[in-house]
Q: 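Sharing a structure with you now.
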Protein chains: 2
Amino acid sequence: MPSPARVTDLRKSTHAIPDATVARLPIYHRVLTSLLESGVESVSSHELAEVCGVNSAKLRKDLSHLGSYGTRGVGYRVEYLLFQIAREIGYAQDWPVVIVGVGNLGNALAGYAGSADRGFRIVGLIDSDSDLVGQTIAGVEVRDLVELEAVIAEHSASIGVIATPASAAQAVCDRLVASGVTSILNFAPSVLTVPQGVDVRKVDLGTELQILAFHQQQRAEGLRTRKTSKRTSPSTALENIS
Amino acid sequence: MPSPARVTDLRKSTHAIPDATVARLPIYHRVLTSLLESGVESVSSHELAEVCGVNSAKLRKDLSHLGSYGTRGVGYRVEYLLFQIAREIGYAQDWPVVIVGVGNLGNALAGYAGSADRGFRIVGLIDSDSDLVGQTIAGVEVRDLVELEAVIAEHSASIGVIATPASAAQAVCDRLVASGVTSILNFAPSVLTVPQGVDVRKVDLGTELQILAFHQQQRAEGLRTRKTSKRTSPSTALENIS
DNA sequence: GAACGCTTGTGAACGATCGCACAAAGTCTG
DNA sequence: CAGACTTTGTGCGATCGTTCACAAGCGTTC
């Protein structure tokens, strides 16, 4: 899993929010936003946990890392909790993001992060394809790969997204890092090597599919051996899923 | 993280491969494939771990779950190990996959899983946009949303990908499940509710970016407090990254 | 204002994962 | 063939994450 673990020991001494919790905060944020828009003013941990698809104890422990923002016997004020989570994850900070590689994937990303005001602003779309350079996508003009460093410097971008073919990923990564980018989201199916202090998260579509396929295969095997050998209550084969 | 934990207790009794290991097997597989193509015949756990970006002990423990396929004092035969991993994760099984939602993201996915023979075959592209229906993408004709059930039945697809807007995700999910799909990869930013026995993995681009932004913010705060208060050796601020 | 019901916040048990360190088991050399 | 060297496979402790279960605290009711 792409978890860079601690980023600084310094942070641990002050905040110390577990990585697993950080990974869930955006979900809570989205669900709470939706609740707020629906006019809901207060939620219990059970209700919120239900909608977020997590255990209520886990939810409470997650929130407790931010502070005591709930009221015993009542629940959480939606608006207040939303504000606290937003503050914690740096929402509405308008992080400048540079996307390298404007294929289908880069396009999808540009549309996603560019449209909704999710706290990000696409300040650069970079591609090496001369047919793409000059086009405007999601309100941003695509610039040539040679301008990568200039674009980053111009907007002081510290977050970069790599949506190039795997063959170009490491080279692009190196240039991003050299230009001062310290957080990278990598969609290319390749392992990136970065110096200490740079945070890389990997999203690999192929890997995700293969993990699903693995489980699927396990299930099939389980059913087969179940059928030919043991023979227990047939309905229990798929029941212990948690 | 989207980990559905155990799928069946049955599997645990026979194989028992930890989820964390399963998530890394596709990476090993890809790297080994690349090594094989480069003509490398043998690797040590240290070399392979280096390229895969993991600890060598972790790599060895992962592989030991599959069996004892290495040779002490020598390392692993690339071709043999590759074969064993492929067998374990169901590579070259040609899993039929249905993709719902043919926007930029669905397009990217279709191209990705459709082109390279990664063990998957796109058997259905589904969208509700009448402008898209009838077009051919990655060699597959886009069909209307109403034909979803028919397409799944036709190819006995058990893996479905949701690349629709969040508003449509749950409805599509329900129809997939009702049609017999038991593994779902969800790209929509919404929490899906599924019955027991169905495996859902979530990939959320927004969440990934927000996790990066969080770390970025932590780093900034760390540096700031470091500057104004404590004042230790300035170069150590970003060093403990692991 | 006391008693009751509800929900948070958290200590503690549990479970999974990680990484070290080393014995076991192989190759290679002389 | 013995001894040196290399690398795997794994037992074990440390760490991280999850879940249970309950005391503490808040509102409400009588």
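Please read these numbers as outputs of a predicted model, since none were measured by experiment. To find a chain, count down the sequence lines: A is the first, B the second, and so on, and within it residues start at 1. The analysis underlying the following values was restricted to heavy atoms, covering all of them including side chains, and did not include hydrogens, waters or symmetry mates.
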Q: Rounded to whole Å, how long is the line connecting atom CG of A:D19 with atom P of D:dT18?
A: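 Atom-to-atom, A:D19 to D:dT18, this comes out as 11 Å.
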Q: Nearest to the side chain of B:R24 - C:dC18, D:dT8, C:dT17?
A: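 It is C:dC18.
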Q: Which one of B:T182, B:D199, B:V97 satisfies the side chain to side chain contact (heavy atoms under 4.5 Å, CB included) criterion with B:S158?
A: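 The option that passes is B:T182.
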Q: For residues 31-43 of chain A, pull every pair meeting side-chain hydrogen bond (donor to acceptor under 3.5 Å, both in side chains), keeping only residues two or more places apart or in separate chains.
A: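 Every pair satisfying side-chain hydrogen bond (donor to acceptor under 3.5 Å, both in side chains) with a residue in residues 31-43 of chain A: there are none.
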Q: Are any side-chain N or O atoms of B:W95 and backbone N or O atoms of A:L209, one a donor and one an acceptor, separated by less than 3.5 Å?
A: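 A pair under 3.5 Å: no.
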Q: What nucleotide, of D:dC12, C:dT8, D:dG9, holds the atom closest to the side chain of A:S44?
A: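 From the listed options, C:dT8 comes nearest.
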Q: Strictly under 3.5 Å: I want the nitrogen or oxygen pairs between protein and nucleotides 28-30 of chain D, one per line.
A:
none

Q: Which atoms form the tightest heavy-atom contact between B:V194 and B:C173, and what is the distance?
A: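 Scanning both residues completely, I find the closest heavy atoms to be CG1-SG, 3.5 Å.
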Q: Output the rounded distance in Å from CG (A:L63) to P (D:dG17).
A: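 Computing the A:L63:CG to D:dG17:P distance gives 16 Å.
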Q: Which listed nucleotide (D:dG17, C:dT17, C:dT8) is nearest to the side chain of A:S45?
A: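 Per side-chain heavy atoms of A:S45, the pick is C:dT8.
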Q: Taking side chain as C-beta onward, heavy atoms only, is A:E47 less than 4.5 Å from A:L35?
A: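 The answer is no; the side chains never approach within 4.5 Å.
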Q: Are B:L192 and B:I162 packed together at the side-chain level, in the sense that at least one heavy-atom pair is separated by less than 4.5 angstrom?
A: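 In contact.
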Q: Within the structure provided, determine whether A:V78 and A:L48 are in side-chain contact (heavy-atom separation under 4.5 Å).
A: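 Side-chain contact under 4.5 Å: no.
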Q: B:R77 has an atom CZ; how far is it from atom P of C:dT27, in whole Å?
A: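 One finds 13 Å between P of C:dT27 and CZ of B:R77, rounded.
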Q: Please list all pairs meeting ring pair (Phe, Tyr, Trp, His ring centres under 6.0 Å) that have one or both residues in residues 19-41 of chain B, counting only residues at least two apart or in different chains.
A: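 Qualifying pairs: B:H29-B:Y91.
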Q: Rounded to the nearest Å, what distance is computed from the NE2 atom of residue A:H65 to the P atom of nucleotide C:dG9?
A: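 These atoms are roughly 12 Å apart.
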Q: Quick check against the 3.5 Å criterion: does B:N186 have a side-chain atom that pairs as donor or acceptor with the backbone of B:S190?
A: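 Answer holds: yes.
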Q: Report yes if a side-chain nitrogen or oxygen of B:Y76 is closer than 4.0 Å to either non-bridging phosphate oxygen (OP1 or OP2) of D:dG9; otherwise report no.
A: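 Indeed, a polar side-chain atom of B:Y76 lies that close.
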Q: Just how far, in rounded Å, is C1' of D:dG17 from CG of A:L59?
A: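 Checked: the CG to C1' distance equals 15 Å.
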Q: If I take atom OH in residue A:Y80 and atom C1' in nucleotide C:dT8, what distance separates them, rounded to the nearest angstrom?
A: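 Interatomic distance, OH of A:Y80 to C1' of C:dT8: 15 Å.
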Q: Send over the distance from A:R60 CZ to D:dA24 P, rounded to a whole Å.
A: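 Result: 16 Å.
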Q: Is B:A57 touching bases, backbone alone, or none of the nucleic acid, heavy atoms closer than 4.0 Å?
A: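 It contacts base atoms.
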Q: Establish whether the base of D:dT19 is bridged to the side chain of A:K61 by a donor-acceptor pair shorter than 3.5 Å.
A: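 Indeed, a donor on one side and an acceptor on the other fall under 3.5 Å apart.
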Q: In the structure I gave you, are the side-chain heavy atoms of A:V100 and A:R175 within less than 4.5 Å of one another anywhere?
A: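 No, every pair of side-chain atoms sits at 4.5 Å or beyond.
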Q: May I ask you to decide if A:S45's main-chain N or O and A:R60's side chain share a donor-acceptor pair within less than 3.5 Å?
A: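 Not confirmed, A:R60 side chain does not pair with A:S45 backbone.
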Q: Below 4.0 angstrom, which residues in residues 48-55 of chain A have at least one non-hydrogen atom near DNA chain C?
A: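 Hits under 4.0 Å, by residue number: none.
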Q: Figure out the NZ/P separation between B:K58 and C:dG19, and round it to whole Å.
A: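 After rounding, the gap between these two atoms is 4 Å.
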Q: Near DNA chain D, counting only heavy atoms under 4.0 Å, which residues of residues 66-74 of chain A show up?
A: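 Contacting residues: A:T71, A:R72, A:G73, A:V74.
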Q: Taking only residues two or more places apart in sequence or in another chain, which ones pass ring pair (Phe, Tyr, Trp, His ring centres under 6.0 Å) with A:Y69?
A: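 So A:Y69 forms a ring pair (Phe, Tyr, Trp, His ring centres under 6.0 Å) with A:Y80.
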